[in-house]
Amino acid sequence: MEEYILNSLNEEQREAVQTTEGYIRVIAGAGSGKTRALVHRYVYLVNELGISTANILCVTFTNKAANEMKSRIRSMIGDNDLGLICTFHGFCVRLLREDVFKIRLPKNFIILDGKDTESILKNVYVDSEIRNSELTYRAAKSYISTCKRVTKYNEYIQLLIDESDTNLINKYNAASAVTDKIFYRYIYEQKKCYGLDFDDLILVSLYILETFSDVRLKWQQKLEYIMVDEFQDVSHSQYDLCRILNDFHKNLFVVGDPDQTIYSWRGADVNILLNFDTVFKNTKTIMMVKNYRSYPEILNVANSLISKNNDRIDKQLLPVLSGGTITLYNHASSVYNESNWISDQIKLLREQQINWNDIAILYRSHYVSHIIEEAFRENKIPYVIYSGVGFYERKEIKDVISYLRMLTSADDLSFLRTVNTPPRNIGKRRIDFIKNYANNHKCTLYQALQDNLHQSLFKNTKADMYIYIIEKYRRVYHKKTITNLTEEMLDISGYEAMLRTKDDIDRLDNIAELKQSIMNYENEAGEDVSLEDYLEKISLYTNMDNENKENTVKLMTVHAAKGLEFPYVFVCELNDGIFPTRRADTLPKLEEERRLAYVAITRAKKALFLSDAGGIYYDGMNRYPSRFIYNIEDKYLKYCVELDAKYEIESQLYIAAQESAIKNKANEINNMTLSIGNRIFHKHFGNGIITDIDIVNKTITVQFDNIASKRTINMSANIDKIINKENANNRHCPEFCVNSKTVI
């Protein structure tokens, strides 16, 4: 039986499977067969060591991955109970169902999802007379999460287990800050329905394990072997869970790739995997670098790029496959030419009998997809947006197009999309009145509203302002450029301000890309372009459907592509400011962007295509090739177009200036004269005192004022030394001012 488990594995995979005791860290490069190693290790523990499946915890990051692993294991060991192959949240639910009574919550507590949380917040806002403009739901959820995890952790736990709700109501009534009123009332509503949200599942599990020694020992003794997949993506609380649970048997097996840490925005920290062997002594590290997915030419590009990162374990992916073609890189003169080049390359692939669904188009953010969609529709290339909707089908894009359409046709569909967006107090009752009037008088809904503005029904609405806006621009739209017209309509209607109030960054990015596409359209079309022509062009895009959804080219963000692979991969809009994003203004952020590009490249199996476009951004900035293109050695790329020497010098100077600013910011932090006993300020954790400094690992240990346990913080994090504590507590300063300068 042992040979059956091991004979399909390479040397490193066998070592990972057979090393069963102690702390094991597997650094598994992209395409190295880590899932196979995990599955076979689990089967080895059960069949060769005789370990019960009830005593093995195997944690993955998605239910899909957990189900796939269960399926593969069952095919080898039969229909066993595999309930402890699950996500972190799934395990915590299992623990809480058994032991949540320790904090006097019923075991049939409900799990609050995102929609439940928002429903609670809506009730809180109404009852507390809080307007969304004061604090968006997104900001409120972020504040509540930070309070639970950090700033009010101890208080939150005590409020949660307090049998009386009087304390919560008193705190709610006494709170002067809107954020605190929301926090206390949210917890009150949570307790009323015996609900725990996703943050709570792990936080409350940790609290129970840390507080009740009998529960801790029960689970520690039960879990003889713990395995964690995608360990590069764990947050500090998930890491703490692993650390506590393994502390009896001390058998912790983690597998991951620090070069694929791309989720820091949801709590992942690359240093957890990088420093694993310094925390757990006598750790055995196994390197799995043989790549079974990609041809050598693709791996050359990936290795060359990622080697420019500093925070990593040095490794080179080694190809097992042979053959392949050199990676093509194309610099186009415009985004239209870039999308046409991609279309042409796909047509060439089709001539080689390549299926549509063997091809994927990857990009940094969804908002860049529209130009590819347009080209694909014009070239009759079937496609599907993976984990997203088509650019012109997104709500905010349809809203803006509807505003423009109101100027040319004032049709009923556009009217219904725009009349109460942003809110103008024209709800269902008033809309029904307008519809009835329009039916009786055989007119449009817009005309019906105009005819009835004098009615008392519309007295307390902003209907008159809506009519004023539409009429004003109906008279002059043909005299304005579509770009300026769109900009003015978004401003005067309050639509863009509404999105900013909601802090809806994704929708704002899409609006910015729409403006960019309109400007590009006008530049391409010349002087004779009209709003009617543009709207007709857009209607063709929005009305054309791809029939064969099964056999289609896949369009998706790189984040959505994580864990997937495709024979032919195009990574497009590799422009500085897009990929890497302009928000990558620190070294850690820039390195994560480079890791994201590495993930994109390593999705390709047979051929890789990279592209960018020249021209200018909507804000007037020049578009330059991504620094990641320059990070790749020239010998690994075939340039389809030689870059103009002057343009290349300009782009190199631009990138050098950007990187210099990032390094100066990092040096500013590293050169701070920090010493033990200094008070520092962290923009999430607040004020604290440095209790230890680790020069080698560039970390400081801090006892924060509002947290019971100490935290180890990277010196490149958002910290600053406090001299004047009064300034540090001034919440009127942007991002909290410290010594008259803003925290980075």
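Just so you know, these numbers use all the heavy atoms, side chains as well, and skip hydrogens, waters and symmetry mates. If you're wondering where the values come from, they're calculated on a predicted model, not measured in any experiment. One-based numbering along the sequence shown.
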Has [X] got a side-chain atom pairing as donor or acceptor with [Y]'s backbone, closer than 3.5 angstrom?
X    : Y    : value
S145 : K141 : no
D509 : Y367 : no
H559 : S365 : no
S409 : R405 : yes
E338 : E573 : yes
N340 : Y336 : yes
R595 : Q260 : no

Testing the 3.5 Å rule here: is there a donor-acceptor pair between the side chains of [X] and [Y]?
X    : Y    : answer
N357 : K554 : no
Q652 : Y630 : no
Y403 : T486 : no
E592 : S264 : yes
D399 : S402 : no
Q516 : Y617 : no
Y466 : T418 : yes

Roughly how far, to the nearest 0.5 Å, is the [atom2] atom of [Y] from the [atom1] atom of [X]?
X    : Y    : atom1 : atom2 : answer
I470 : R475 : CD1   : CZ    : 11.5 Å
T325 : K606 : OG1   : NZ    : 11.0 Å
D259 : N303 : CG    : CG    : 9.0 Å
E565 : R603 : CD    : CZ    : 8.0 Å

Note to self: Tell me whether the rings of F609 and F570 are parallel (<30°), tilted (30 to 60°) or perpendicular (>60°).
What the structure shows: parallel
Around atom OH of Y647, are there more than 12 heavy atoms from other residues, nucleotides or ligands closer than 6.0 Å? yes
Can Y624 and D612 be said to form a side-chain contact (heavy atoms from CB on, under 4.5 Å), step by step? CA-CA 8 Å; Y624 294 118; D612 75 276; over 6 Å; no
- prompt: What do you reckon, are the aromatic ring centroids of Y598 and F628 less than 6.0 Å apart?
  reply: no
